Amino acid sequence: MSLNRRRTIEVDLPEFLVRSLQHRVAESNAGAESDEQVDINDVIEWYLAAPITVQDVPKLEAVIPGFSDALSAWLTTVSYEPQ
């Protein structure tokens, strides 16, 4: 199974967090070209990936073989950049 395969999960969040994510989406999309538009998944992905440090990668690779390659591939395709 590819670590870059997409999978849908359900997450239960308080309304203030949902609205803050929606606000980030709106901020990122303001003035962006249509091919640069992001959605809430892009923002959530970034928030989850951003805390991963260079020191974390070998540790994660040890328990999740292929993690570093998957992260590398993901970084080349990510479209959300925090403001």
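As the structure is a prediction and not an experimental result, all values here were calculated from the model.
- Two residues are said to be in side-chain contact when any heavy atoms from C-beta on lie closer than 4.5 Å; I44 and V11 fail this criterion.
- The two residues L3 and P65 have their closest heavy-atom pair at CD1-O, 3.5 Å.
- Applying the salt bridge (Lys or Arg N to Asp or Glu O under 4.0 Å) test to residues at least two apart or on different chains, the pairs with a partner in residues 13-22 are E15-R19.
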Ignoring hydrogens and angles, write down the donor-acceptor pairs under 3.5 Å from the side chains of residues 52-61, residues two or more places apart or on other chains.
{"from": "T53", "atom 1": "OG1", "to": "Q55", "atom 2": "N", "distance (Å)": "3.3"}
{"from": "T53", "atom 1": "OG1", "to": "D56", "atom 2": "N", "distance (Å)": "3.1"}
{"from": "T53", "atom 1": "OG1", "to": "D56", "atom 2": "OD1", "distance (Å)": "3.4"}
{"from": "T53", "atom 1": "OG1", "to": "D56", "atom 2": "OD2", "distance (Å)": "3.1"}
{"from": "D56", "atom 1": "OD2", "to": "T53", "atom 2": "N", "distance (Å)": "2.8"}
{"from": "E61", "atom 1": "OE1", "to": "F67", "atom 2": "N", "distance (Å)": "3.0"}
{"from": "E61", "atom 1": "OE1", "to": "S68", "atom 2": "N", "distance (Å)": "2.7"}
{"from": "E61", "atom 1": "OE1", "to": "S68", "atom 2": "OG", "distance (Å)": "2.9"}
{"from": "E61", "atom 1": "OE2", "to": "G66", "atom 2": "N", "distance (Å)": "2.8"}

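- W46 has its side chain out of reach of R24: every pair of non-hydrogen atoms, C-beta onward, lies at least 4.5 Å apart.
- Separation of atoms CG (L13) and CG (L21) is listed at 7.0 Å; rounding is to 0.5 Å.
- Side-chain atoms of N29 come within 3.5 Å of backbone atoms of V38 as a donor-acceptor pair (strictly under, hydrogens ignored).
- S28 places no side-chain N or O within 3.5 Å of a backbone atom of V25 that could act as its donor or acceptor partner.
- Taking CD from E10 and CG from D12, the interatomic distance works out to 7.5 Å, rounded to the nearest 0.5 Å.
- When atom types are taken as modelled, the side chain of Q22 and the backbone of I40 share no donor-acceptor pair closer than 3.5 angstrom.
- When every heavy atom of A73 is checked against every heavy atom of N4, the shortest pair comes out as CB-OD1, 4.0 Å.
- Listed by chain and number, the residues in a side-chain contact (heavy atoms from CB on, under 4.5 Å) with D69 amount to none (sequence neighbours excluded).
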